[in-house]
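Here's the structure, in C-alpha coordinates; my notes come after.
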Amino acid sequence: MADRYLCMDLSRVRDVKQGAAGEGPVVYWMSRDQRCIDNHALAFAQQEAVRMRRPLVVAFSLSPSFLGATLRQYGFMLRGLKEVERDLSVLDIPFHLLPGGPTALIHFLREQRPALVVEDFDPLRIKKEWKDLVRTSTTFPHREVDTHNIVPCWVASPKQEWAARTLRPKLAGLIEKYLHDLPQVIRHPYPAKEAPGWDVSSTLRSLDIDRTVKEVQVGPGRKAGEKTLQTFIDHRLEHYPEDRNDPLRYGQSGLSPYLHFGCISPQRVALEVHRSGSSKAAKEAFLEELIVRRELSDNFCFYNQDHDRYEGLPEWSRRTLEKHAQDPREPLYSFKELEAGETEDDLWNAMQKEMVSQGRMHGYLRMYWAKKVLEWSPTPRTAVEWLIKLNDKYELDGRDPNGYVGILWSVGGLHDRPWKERNIFGTVRYMSRAGLGRRFDVETYARRNLKAYE
DNA sequence: ATCGGCTCGCGCAA
DNA sequence: TGCGCGAAGCCGAT
(Lines give C-alpha, C1' and ligand atoms only; values in the text may rest on other atoms or scores of the structure.)
Protein backbone atom coordinates (compact mmCIF):
# COMPACT_ATOMS: atom_id res chain seq x y z
CA MET A 1 0.00 0.00 0.00
CA ALA A 2 2.66 2.45 1.07
CA ASP A 3 4.60 2.20 -2.18
CA ARG A 4 1.73 3.62 -4.10
CA TYR A 5 2.11 6.91 -2.27
CA LEU A 6 5.85 7.34 -2.25
CA CYS A 7 5.67 10.39 -4.46
CA MET A 8 3.30 12.19 -2.14
CA ASP A 9 4.66 15.53 -1.13
CA LEU A 10 3.80 16.64 2.37
CA SER A 11 4.13 20.32 1.60
CA ARG A 12 0.83 20.08 -0.27
CA VAL A 13 -0.76 19.69 3.14
CA ARG A 14 -0.38 21.97 6.09
CA ASP A 15 -1.63 21.87 9.64
CA VAL A 16 -3.99 24.64 10.49
CA LYS A 17 -4.55 23.24 13.95
CA GLN A 18 -2.55 20.75 15.94
CA GLY A 19 -4.60 18.15 17.75
CA ALA A 20 -4.65 14.86 19.55
CA ALA A 21 -3.79 12.19 17.01
CA GLY A 22 -5.20 8.69 16.78
CA GLU A 23 -8.59 8.85 18.41
CA GLY A 24 -10.81 11.21 16.53
CA PRO A 25 -10.99 12.14 12.90
CA VAL A 26 -8.44 14.21 11.05
CA VAL A 27 -10.13 17.12 9.35
CA TYR A 28 -9.02 18.15 5.91
CA TRP A 29 -10.09 21.39 4.33
CA MET A 30 -10.49 20.98 0.62
CA SER A 31 -12.43 22.53 -2.21
CA ARG A 32 -14.81 21.24 -4.84
CA ASP A 33 -12.25 21.23 -7.64
CA GLN A 34 -9.96 18.94 -5.66
CA ARG A 35 -12.59 16.25 -5.26
CA CYS A 36 -11.09 14.68 -8.33
CA ILE A 37 -10.27 11.01 -8.65
CA ASP A 38 -7.03 11.79 -10.41
CA ASN A 39 -5.74 14.30 -7.88
CA HIS A 40 -3.20 14.37 -5.07
CA ALA A 41 -5.69 15.70 -2.55
CA LEU A 42 -8.08 12.76 -2.62
CA ALA A 43 -5.22 10.29 -2.87
CA PHE A 44 -3.62 11.80 0.16
CA ALA A 45 -6.82 11.62 2.15
CA GLN A 46 -7.30 8.01 1.16
CA GLN A 47 -3.76 7.11 2.12
CA GLU A 48 -4.41 8.30 5.63
CA ALA A 49 -7.81 6.63 5.81
CA VAL A 50 -6.35 3.28 4.76
CA ARG A 51 -3.59 3.58 7.31
CA MET A 52 -6.19 4.23 10.00
CA ARG A 53 -8.48 1.50 8.62
CA ARG A 54 -11.37 3.90 8.55
CA PRO A 55 -13.99 4.82 6.01
CA LEU A 56 -13.38 7.90 3.94
CA VAL A 57 -15.87 10.68 4.29
CA VAL A 58 -15.63 13.67 2.04
CA ALA A 59 -17.57 16.64 3.31
CA PHE A 60 -17.45 19.61 1.00
CA SER A 61 -19.07 22.98 1.12
CA LEU A 62 -20.68 24.93 -1.64
CA SER A 63 -20.23 28.65 -1.73
CA PRO A 64 -23.29 30.71 -0.88
CA SER A 65 -23.28 31.92 -4.45
CA PHE A 66 -23.46 28.36 -5.72
CA LEU A 67 -26.88 28.13 -4.15
CA GLY A 68 -27.94 30.33 -7.05
CA ALA A 69 -26.21 28.01 -9.49
CA THR A 70 -27.68 27.19 -12.84
CA LEU A 71 -28.76 23.87 -14.22
CA ARG A 72 -25.64 23.61 -16.37
CA GLN A 73 -23.29 24.18 -13.42
CA TYR A 74 -25.27 21.87 -11.16
CA GLY A 75 -24.97 19.10 -13.74
CA PHE A 76 -21.20 19.30 -13.70
CA MET A 77 -21.03 19.29 -9.93
CA LEU A 78 -23.40 16.36 -9.49
CA ARG A 79 -21.54 14.18 -11.96
CA GLY A 80 -18.27 14.65 -10.08
CA LEU A 81 -19.98 13.75 -6.84
CA LYS A 82 -21.43 10.55 -8.24
CA GLU A 83 -18.11 9.48 -9.69
CA VAL A 84 -16.32 9.82 -6.37
CA GLU A 85 -19.07 7.88 -4.58
CA ARG A 86 -19.33 5.14 -7.16
CA ASP A 87 -15.70 4.63 -8.11
CA LEU A 88 -14.13 5.06 -4.69
CA SER A 89 -16.87 4.01 -2.31
CA VAL A 90 -16.69 7.30 -0.52
CA LEU A 91 -19.46 9.07 1.34
CA ASP A 92 -19.70 12.50 -0.17
CA ILE A 93 -21.54 15.09 1.89
CA PRO A 94 -22.32 18.72 1.08
CA PHE A 95 -22.20 19.40 4.79
CA HIS A 96 -23.22 22.97 5.19
CA LEU A 97 -26.47 22.36 3.38
CA LEU A 98 -27.44 19.77 5.95
CA PRO A 99 -30.11 20.51 8.51
CA GLY A 100 -28.50 21.46 11.79
CA GLY A 101 -25.67 23.48 10.29
CA PRO A 102 -22.10 23.25 11.62
CA THR A 103 -23.38 21.79 14.87
CA ALA A 104 -24.58 18.75 12.96
CA LEU A 105 -21.16 18.32 11.41
CA ILE A 106 -19.39 18.58 14.75
CA HIS A 107 -21.81 16.03 16.20
CA PHE A 108 -21.21 13.69 13.28
CA LEU A 109 -17.46 13.93 13.71
CA ARG A 110 -17.66 13.08 17.41
CA GLU A 111 -20.16 10.26 17.00
CA GLN A 112 -19.03 8.56 13.84
CA ARG A 113 -15.30 9.21 14.04
CA PRO A 114 -14.63 8.84 10.35
CA ALA A 115 -11.02 8.56 9.36
CA LEU A 116 -11.12 12.06 8.15
CA VAL A 117 -13.32 14.76 6.91
CA VAL A 118 -12.42 16.73 3.89
CA GLU A 119 -13.89 20.17 3.91
CA ASP A 120 -13.68 23.09 1.62
CA PHE A 121 -10.28 24.64 1.69
CA ASP A 122 -11.17 27.55 -0.42
CA PRO A 123 -8.98 30.39 -1.54
CA LEU A 124 -12.19 32.37 -1.51
CA ARG A 125 -14.07 34.00 1.33
CA ILE A 126 -16.45 31.10 1.56
CA LYS A 127 -18.07 29.80 4.68
CA LYS A 128 -15.16 30.96 6.78
CA GLU A 129 -17.37 31.13 9.84
CA TRP A 130 -18.22 27.46 9.42
CA LYS A 131 -14.62 26.44 9.24
CA ASP A 132 -13.77 28.56 12.25
CA LEU A 133 -16.62 27.16 14.30
CA VAL A 134 -15.77 23.54 13.52
CA ARG A 135 -12.12 24.22 14.18
CA THR A 136 -12.55 25.98 17.50
CA SER A 137 -15.12 23.60 18.96
CA THR A 138 -13.23 20.36 18.27
CA THR A 139 -9.96 18.96 19.54
CA PHE A 140 -8.83 16.84 16.61
CA PRO A 141 -6.23 17.99 14.10
CA HIS A 142 -7.23 20.09 11.11
CA ARG A 143 -5.31 20.20 7.88
CA GLU A 144 -5.54 22.15 4.70
CA VAL A 145 -4.74 20.79 1.26
CA ASP A 146 -3.80 22.68 -1.87
CA THR A 147 -3.66 20.74 -5.10
CA HIS A 148 -5.51 23.34 -7.12
CA ASN A 149 -2.44 23.62 -9.22
CA ILE A 150 1.06 22.22 -9.41
CA VAL A 151 2.77 24.16 -6.64
CA PRO A 152 0.77 24.81 -3.46
CA CYS A 153 -0.18 28.47 -3.01
CA TRP A 154 1.72 28.90 0.22
CA VAL A 155 4.84 27.29 -1.18
CA ALA A 156 4.80 29.33 -4.37
CA SER A 157 4.70 32.63 -2.50
CA PRO A 158 4.11 33.88 1.04
CA LYS A 159 2.25 36.99 -0.12
CA GLN A 160 0.05 38.53 -2.78
CA GLU A 161 2.14 38.89 -5.91
CA TRP A 162 2.28 42.06 -7.93
CA ALA A 163 2.27 40.50 -11.39
CA ALA A 164 3.21 37.40 -13.33
CA ARG A 165 6.79 38.58 -13.60
CA THR A 166 7.21 38.54 -9.81
CA LEU A 167 5.65 35.10 -9.42
CA ARG A 168 7.22 33.39 -12.42
CA PRO A 169 10.79 33.22 -11.09
CA LYS A 170 9.51 31.81 -7.80
CA LEU A 171 7.66 29.05 -9.63
CA ALA A 172 10.51 28.30 -12.00
CA GLY A 173 12.51 26.42 -9.42
CA LEU A 174 9.50 24.59 -7.99
CA ILE A 175 7.55 23.26 -10.94
CA GLU A 176 10.03 20.53 -11.73
CA LYS A 177 9.96 19.42 -8.12
CA TYR A 178 6.17 19.17 -8.05
CA LEU A 179 5.44 17.97 -11.55
CA HIS A 180 5.76 14.28 -10.86
CA ASP A 181 3.29 11.48 -11.43
CA LEU A 182 0.04 11.29 -9.56
CA PRO A 183 -0.63 8.67 -6.92
CA GLN A 184 -3.42 6.29 -7.75
CA VAL A 185 -6.67 6.31 -5.86
CA ILE A 186 -8.27 2.92 -5.35
CA ARG A 187 -11.72 1.67 -4.47
CA HIS A 188 -11.83 2.32 -0.75
CA PRO A 189 -11.62 -0.90 1.31
CA TYR A 190 -13.59 0.46 4.30
CA PRO A 191 -16.95 1.64 3.04
CA ALA A 192 -18.66 4.48 4.84
CA LYS A 193 -22.12 4.25 6.35
CA GLU A 194 -24.52 6.96 5.46
CA ALA A 195 -24.99 9.21 8.46
CA PRO A 196 -28.42 8.68 10.02
CA GLY A 197 -30.87 11.42 9.19
CA TRP A 198 -28.66 12.79 6.46
CA ASP A 199 -30.24 12.21 3.12
CA VAL A 200 -27.71 13.55 0.68
CA SER A 201 -29.87 13.31 -2.42
CA SER A 202 -32.79 15.17 -0.90
CA THR A 203 -30.40 17.83 0.36
CA LEU A 204 -29.06 18.27 -3.13
CA ARG A 205 -32.56 18.40 -4.53
CA SER A 206 -33.29 21.26 -2.14
CA LEU A 207 -30.64 23.41 -3.82
CA ASP A 208 -32.00 26.55 -5.37
CA ILE A 209 -31.07 25.85 -8.96
CA ASP A 210 -31.82 28.37 -11.68
CA ARG A 211 -33.50 26.15 -14.24
CA THR A 212 -34.10 28.97 -16.71
CA VAL A 213 -30.43 28.72 -17.69
CA LYS A 214 -30.36 25.63 -19.85
CA GLU A 215 -27.84 22.83 -19.97
CA VAL A 216 -25.19 22.94 -22.68
CA GLN A 217 -23.79 20.42 -25.11
CA VAL A 218 -20.42 20.23 -23.35
CA GLY A 219 -20.80 17.15 -21.18
CA PRO A 220 -19.56 16.79 -17.61
CA GLY A 221 -17.48 14.00 -16.12
CA ARG A 222 -14.04 12.54 -15.90
CA LYS A 223 -14.17 10.75 -19.25
CA ALA A 224 -15.33 13.86 -21.08
CA GLY A 225 -12.50 15.82 -19.47
CA GLU A 226 -9.90 13.25 -20.45
CA LYS A 227 -11.21 13.11 -23.98
CA THR A 228 -11.09 16.89 -24.28
CA LEU A 229 -7.48 16.85 -23.13
CA GLN A 230 -6.52 14.10 -25.57
CA THR A 231 -8.16 15.82 -28.52
CA PHE A 232 -6.41 19.05 -27.64
CA ILE A 233 -3.00 17.38 -27.44
CA ASP A 234 -3.51 15.43 -30.65
CA HIS A 235 -4.91 18.22 -32.80
CA ARG A 236 -4.47 21.70 -31.40
CA LEU A 237 -1.54 21.90 -28.99
CA GLU A 238 1.07 22.26 -31.73
CA HIS A 239 -0.67 25.37 -33.08
CA TYR A 240 -1.59 26.76 -29.68
CA PRO A 241 0.82 29.73 -29.79
CA GLU A 242 -0.61 31.10 -33.07
CA ASP A 243 -4.24 30.03 -32.74
CA ARG A 244 -5.07 30.69 -29.11
CA ASN A 245 -6.09 34.31 -29.64
CA ASP A 246 -8.18 33.67 -32.73
CA PRO A 247 -11.77 32.87 -31.77
CA LEU A 248 -12.51 31.67 -35.30
CA ARG A 249 -9.93 28.91 -35.09
CA TYR A 250 -10.67 27.42 -31.69
CA GLY A 251 -7.05 26.92 -30.70
CA GLN A 252 -7.67 26.70 -26.97
CA SER A 253 -7.86 23.60 -24.80
CA GLY A 254 -11.50 23.91 -23.72
CA LEU A 255 -10.53 22.41 -20.36
CA SER A 256 -11.60 25.25 -18.11
CA PRO A 257 -14.96 23.79 -16.96
CA TYR A 258 -13.39 20.39 -16.34
CA LEU A 259 -10.63 21.91 -14.25
CA HIS A 260 -13.12 24.04 -12.38
CA PHE A 261 -15.33 21.14 -11.34
CA GLY A 262 -12.55 18.67 -10.67
CA CYS A 263 -13.29 16.41 -13.64
CA ILE A 264 -9.58 16.49 -14.39
CA SER A 265 -6.69 17.80 -12.33
CA PRO A 266 -4.21 20.41 -13.59
CA GLN A 267 -1.39 18.09 -12.57
CA ARG A 268 -2.69 15.46 -14.99
CA VAL A 269 -3.07 18.02 -17.77
CA ALA A 270 0.43 19.39 -17.23
CA LEU A 271 1.95 15.89 -17.19
CA GLU A 272 0.26 14.75 -20.38
CA VAL A 273 1.19 17.96 -22.20
CA HIS A 274 4.75 17.69 -20.92
CA ARG A 275 5.03 14.11 -22.18
CA SER A 276 3.44 14.80 -25.55
CA GLY A 277 5.39 14.98 -28.77
CA SER A 278 4.66 18.66 -29.38
CA SER A 279 7.33 21.28 -29.84
CA LYS A 280 8.98 22.96 -26.89
CA ALA A 281 7.50 26.33 -27.84
CA ALA A 282 3.94 24.99 -27.94
CA LYS A 283 4.30 23.22 -24.61
CA GLU A 284 5.81 26.28 -22.97
CA ALA A 285 3.07 28.57 -24.25
CA PHE A 286 0.36 26.30 -22.92
CA LEU A 287 2.02 25.55 -19.60
CA GLU A 288 2.48 29.28 -19.03
CA GLU A 289 -1.31 29.61 -19.11
CA LEU A 290 -2.10 26.41 -17.25
CA ILE A 291 0.45 26.83 -14.48
CA VAL A 292 1.76 30.39 -14.15
CA ARG A 293 -1.43 32.30 -14.91
CA ARG A 294 -3.67 29.96 -12.94
CA GLU A 295 -1.23 30.06 -10.05
CA LEU A 296 -1.30 33.85 -10.16
CA SER A 297 -5.11 33.84 -9.95
CA ASP A 298 -5.04 31.44 -7.03
CA ASN A 299 -2.39 33.58 -5.36
CA PHE A 300 -4.58 36.66 -5.64
CA CYS A 301 -7.72 34.97 -4.29
CA PHE A 302 -5.77 33.21 -1.55
CA TYR A 303 -4.16 36.35 -0.16
CA ASN A 304 -6.74 39.02 -1.00
CA GLN A 305 -10.04 39.04 0.87
CA ASP A 306 -11.49 41.41 -1.73
CA HIS A 307 -10.77 39.13 -4.67
CA ASP A 308 -14.30 39.44 -6.06
CA ARG A 309 -14.95 43.14 -5.77
CA TYR A 310 -13.72 46.58 -6.70
CA GLU A 311 -11.74 46.96 -3.46
CA GLY A 312 -9.42 44.18 -4.59
CA LEU A 313 -7.91 46.42 -7.25
CA PRO A 314 -4.44 47.89 -6.81
CA GLU A 315 -4.25 51.41 -5.46
CA TRP A 316 -2.93 53.07 -8.60
CA SER A 317 -5.86 51.85 -10.66
CA ARG A 318 -8.54 52.80 -8.15
CA ARG A 319 -6.94 56.24 -8.01
CA THR A 320 -7.05 56.69 -11.77
CA LEU A 321 -10.56 55.25 -12.14
CA GLU A 322 -11.85 57.59 -9.45
CA LYS A 323 -10.21 60.54 -11.14
CA HIS A 324 -12.34 59.71 -14.18
CA ALA A 325 -15.51 58.87 -12.26
CA GLN A 326 -17.28 61.95 -13.63
CA ASP A 327 -16.46 61.29 -17.28
CA PRO A 328 -19.66 60.94 -19.28
CA ARG A 329 -20.73 57.38 -20.09
CA GLU A 330 -22.38 57.27 -23.48
CA PRO A 331 -24.20 55.05 -24.08
CA LEU A 332 -25.13 53.86 -20.62
CA TYR A 333 -26.84 50.48 -20.39
CA SER A 334 -28.86 48.80 -17.68
CA PHE A 335 -27.93 45.35 -16.37
CA LYS A 336 -30.94 43.89 -18.18
CA GLU A 337 -29.88 45.36 -21.53
CA LEU A 338 -26.39 43.95 -21.10
CA GLU A 339 -27.68 40.57 -20.01
CA ALA A 340 -29.93 40.41 -23.08
CA GLY A 341 -27.03 41.36 -25.34
CA GLU A 342 -28.80 44.44 -26.66
CA THR A 343 -26.06 47.00 -27.17
CA GLU A 344 -24.96 49.04 -30.14
CA ASP A 345 -21.95 46.74 -30.61
CA ASP A 346 -22.89 43.57 -32.49
CA LEU A 347 -19.49 42.03 -31.71
CA TRP A 348 -20.12 42.42 -27.99
CA ASN A 349 -23.68 41.11 -28.37
CA ALA A 350 -22.34 38.05 -30.15
CA MET A 351 -19.98 37.25 -27.27
CA GLN A 352 -22.67 37.81 -24.67
CA LYS A 353 -25.15 35.59 -26.50
CA GLU A 354 -22.65 32.80 -26.91
CA MET A 355 -21.97 32.91 -23.18
CA VAL A 356 -25.66 32.86 -22.27
CA SER A 357 -26.41 30.08 -24.71
CA GLN A 358 -23.31 27.90 -24.44
CA GLY A 359 -21.75 28.76 -21.07
CA ARG A 360 -18.45 29.72 -22.63
CA MET A 361 -16.59 32.70 -24.02
CA HIS A 362 -13.24 32.69 -25.75
CA GLY A 363 -10.44 33.75 -23.41
CA TYR A 364 -9.19 36.54 -25.62
CA LEU A 365 -12.69 37.97 -26.06
CA ARG A 366 -13.40 38.01 -22.35
CA MET A 367 -11.06 40.99 -21.99
CA TYR A 368 -12.86 43.09 -24.56
CA TRP A 369 -16.22 41.96 -23.20
CA ALA A 370 -15.31 43.17 -19.71
CA LYS A 371 -13.68 46.43 -20.80
CA LYS A 372 -16.77 47.47 -22.73
CA VAL A 373 -18.91 47.04 -19.62
CA LEU A 374 -16.63 49.50 -17.82
CA GLU A 375 -17.38 52.01 -20.57
CA TRP A 376 -21.12 51.41 -20.43
CA SER A 377 -21.91 51.22 -16.73
CA PRO A 378 -22.38 54.03 -14.19
CA THR A 379 -19.30 53.32 -12.06
CA PRO A 380 -16.27 50.98 -12.10
CA ARG A 381 -17.63 49.37 -8.95
CA THR A 382 -20.91 48.59 -10.71
CA ALA A 383 -19.00 47.25 -13.70
CA VAL A 384 -17.12 44.76 -11.53
CA GLU A 385 -20.32 43.75 -9.79
CA TRP A 386 -22.29 43.24 -13.00
CA LEU A 387 -19.49 41.40 -14.76
CA ILE A 388 -19.05 38.96 -11.89
CA LYS A 389 -22.80 38.43 -11.75
CA LEU A 390 -22.97 37.62 -15.46
CA ASN A 391 -19.82 35.51 -15.38
CA ASP A 392 -20.91 33.46 -12.37
CA LYS A 393 -24.40 32.90 -13.69
CA TYR A 394 -23.68 31.91 -17.27
CA GLU A 395 -20.15 30.65 -17.61
CA LEU A 396 -19.67 26.96 -16.97
CA ASP A 397 -16.47 27.95 -15.18
CA GLY A 398 -18.13 30.71 -13.14
CA ARG A 399 -16.93 31.35 -9.56
CA ASP A 400 -13.38 30.48 -10.56
CA PRO A 401 -10.33 32.49 -9.42
CA ASN A 402 -9.45 32.91 -13.10
CA GLY A 403 -12.79 34.59 -13.72
CA TYR A 404 -12.41 37.09 -10.90
CA VAL A 405 -8.84 37.92 -11.83
CA GLY A 406 -9.71 38.24 -15.52
CA ILE A 407 -12.49 40.72 -14.76
CA LEU A 408 -10.30 42.75 -12.40
CA TRP A 409 -7.50 42.74 -14.96
CA SER A 410 -9.87 44.12 -17.57
CA VAL A 411 -11.67 46.72 -15.51
CA GLY A 412 -8.91 47.71 -13.14
CA GLY A 413 -5.50 46.71 -14.45
CA LEU A 414 -4.88 44.02 -11.82
CA HIS A 415 -1.48 42.42 -12.57
CA ASP A 416 -1.15 44.89 -15.43
CA ARG A 417 0.64 48.18 -15.85
CA PRO A 418 -0.66 51.66 -16.59
CA TRP A 419 -0.94 53.03 -20.13
CA LYS A 420 -1.74 56.27 -21.82
CA GLU A 421 -4.50 58.14 -20.05
CA ARG A 422 -7.93 58.41 -21.62
CA ASN A 423 -11.58 58.94 -20.68
CA ILE A 424 -13.28 56.59 -18.20
CA PHE A 425 -10.33 54.15 -18.18
CA GLY A 426 -7.79 56.61 -16.87
CA THR A 427 -4.47 54.82 -17.26
CA VAL A 428 -6.00 51.33 -17.30
CA ARG A 429 -5.27 49.55 -20.57
CA TYR A 430 -7.85 50.19 -23.25
CA MET A 431 -8.95 47.78 -25.94
CA SER A 432 -10.83 48.65 -29.09
CA ARG A 433 -12.86 46.80 -31.66
CA ALA A 434 -10.35 47.99 -34.25
CA GLY A 435 -7.59 46.28 -32.29
CA LEU A 436 -9.48 42.98 -32.32
CA GLY A 437 -10.06 43.49 -36.02
CA ARG A 438 -6.31 43.50 -36.58
CA ARG A 439 -6.14 40.00 -35.12
CA PHE A 440 -9.15 38.19 -36.47
CA ASP A 441 -12.19 38.71 -38.66
CA VAL A 442 -14.60 40.28 -36.20
CA GLU A 443 -17.38 40.68 -38.78
CA THR A 444 -17.47 36.97 -39.49
CA TYR A 445 -17.39 36.13 -35.82
CA ALA A 446 -20.26 38.50 -34.98
CA ARG A 447 -22.40 37.44 -37.93
CA ARG A 448 -21.90 33.73 -37.35
CA ASN A 449 -22.56 33.84 -33.62
CA LEU A 450 -25.55 36.14 -33.77
CA LYS A 451 -27.12 33.77 -36.24
CA ALA A 452 -26.34 30.70 -34.18
CA TYR A 453 -27.50 32.02 -30.79
CA GLU A 454 -30.30 34.43 -31.63
C1' DA B 1 4.84 48.08 -41.51
C1' DT B 2 7.32 49.61 -37.53
C1' DC B 3 8.42 52.46 -33.57
C1' DG B 4 8.23 55.12 -29.43
C1' DG B 5 5.70 57.17 -25.81
C1' DC B 6 2.37 56.60 -22.57
C1' DT B 7 2.77 55.55 -16.82
C1' DC B 8 3.45 52.97 -12.19
C1' DG B 9 5.87 50.55 -8.80
C1' DC B 10 8.28 46.24 -7.75
C1' DG B 11 12.54 44.04 -7.05
C1' DC B 12 17.16 43.77 -7.63
C1' DA B 13 21.81 45.70 -8.12
C1' DA B 14 24.81 48.86 -6.31
C1' DT C 1 19.01 55.30 -5.00
C1' DG C 2 18.74 54.08 -9.70
C1' DC C 3 17.14 51.34 -13.24
C1' DG C 4 14.88 47.76 -16.05
C1' DC C 5 10.82 45.98 -17.08
C1' DG C 6 6.15 44.31 -17.51
C1' DA C 7 -0.43 39.34 -20.56
C1' DA C 8 -3.19 40.11 -24.52
C1' DG C 9 -2.70 48.04 -26.51
C1' DC C 10 -3.47 52.46 -28.72
C1' DC C 11 -2.20 56.18 -31.41
C1' DG C 12 0.26 59.15 -34.11
C1' DA C 13 4.57 59.83 -36.58
C1' DT C 14 7.65 58.12 -39.93
Side-chain angles (χ1 to χ4, degrees), chain A residues 149 156-173 239-253 256 281-301 303-304 307 312-324 327 345 347-348 351 360-375 380 387 391 400-442 445:
Chain A
N149 211 322
S157 170
K159 65 183 182 77
Q160 185 186 326
E161 289 294 329
W162 183 255
R165 80 186 150 88
T166 61
L167 179 62
R168 199 176 291 113
K170 296 182 181 176
L171 288 174
H239 303 287
Y240 183 77
E242 318 91 74
D243 289 355
R244 50 183 271 231
N245 284 346
D246 187 343
L248 291 170
R249 290 200 195 189
Y250 190 60
Q252 302 198 301
S253 72
S256 170
K283 288 183 196 175
E284 275 175 6
F286 180 74
L287 293 176
E288 163 76 12
E289 304 301 312
L290 179 78
I291 303 177
V292 180
R293 308 306 310 196
R294 278 187 83 249
E295 197 87 48
L296 186 62
S297 299
D298 284 352
N299 170 276
F300 176 71
C301 293
Y303 289 113
N304 195 316
H307 60 268
L313 293 177
E315 213 165 295
W316 69 265
S317 85
R318 271 179 290 155
R319 217 185 305 132
T320 191
L321 288 170
E322 273 147 36
K323 188 180 159 197
H324 289 268
D327 294 356
D345 182 352
L347 175 61
W348 194 91
M351 300 170 189
R360 62 161 192 243
M361 188 186 299
H362 192 282
Y364 183 69
L365 300 181
R366 289 190 193 204
M367 301 180 284
Y368 177 79
W369 173 77
K371 281 177 186 289
K372 292 310 277 189
V373 174
L374 171 61
E375 271 183 82
L387 284 162
N391 183 76
D400 196 276
N402 283 316
Y404 299 132
V405 168
I407 286 167
L408 293 180
W409 180 90
S410 304
V411 173
L414 174 69
H415 300 150
D416 200 8
R417 66 197 255 213
W419 299 89
K420 192 185 172 71
E421 193 162 9
R422 60 153 60 225
N423 276 346
I424 302 176
F425 285 80
T427 57
V428 171
R429 184 196 302 255
Y430 176 71
M431 283 177 81
S432 68
R433 182 174 168 140
L436 265 59
R438 270 173 244 128
R439 283 164 187 79
F440 69 98
D441 183 355
V442 294
Y445 173 85

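Per chain, numbering begins at 1; letters A, B, ... match sequence-line order.
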Find the distance A:R438:CZ to B:dA1:C1' and express it as a whole number of Å. 12 Å
As an exercise, state the distance from CZ of A:F300 to NE2 of A:H415, rounded to the nearest 0.5 Å. 6.5 Å
Which word best sums up how the rings of A:Y404 and A:H307 line up, parallel for under 30°, tilted for 30 to 60°, or perpendicular for over 60°? tilted
Can you check the A:F425 CZ to B:dT7 C1' distance for me, whole Å? 17 Å
In this structure, CD of A:E375 is separated from OH of A:Y430 (nearest 0.5 Å) by 4.5 Å
I need the CD-P distance between A:E421 and C:dC10, as an integer number of Å. 17 Å
If you look at every strand shown and take non-hydrogen atoms under 4.0 Å, does A:E315 touch a base, only sugar-phosphate, or nothing? nothing
In whole angstroms, how far is the P atom of B:dG11 from the CD atom of A:E161? 7 Å
Atom CD of A:E288 to atom C1' of C:dG6: distance rounded to whole Å? 12 Å
Can you check the distance between C:dC10 and B:dG9, where both ends of the measurement are the P atom (answer in whole Å)? 23 Å
For atom C1', what is the distance between B:dG4 and C:dC5, given to the nearest Å? 16 Å
Between P on B:dG11 and CG on A:L167, what's the gap in Å once rounded to a whole number? 11 Å
Pairing string, 5' to 3', for DNA chain B - Watson-Crick or wobble contacts under 3.5 Å, brackets [ ] where pairs cross, | to another strand: ||||||.||||||.
A:W409 atom CH2 is separated from C:dG6 atom P, nearest whole Å, by 15 Å
Using atom P of each nucleotide, how far apart are B:dA1 and C:dA8 to the nearest Å? 22 Å
Exercise: identify the closest heavy-atom pair between A:R168 and A:V292: NE-CG1, 4.1 Å
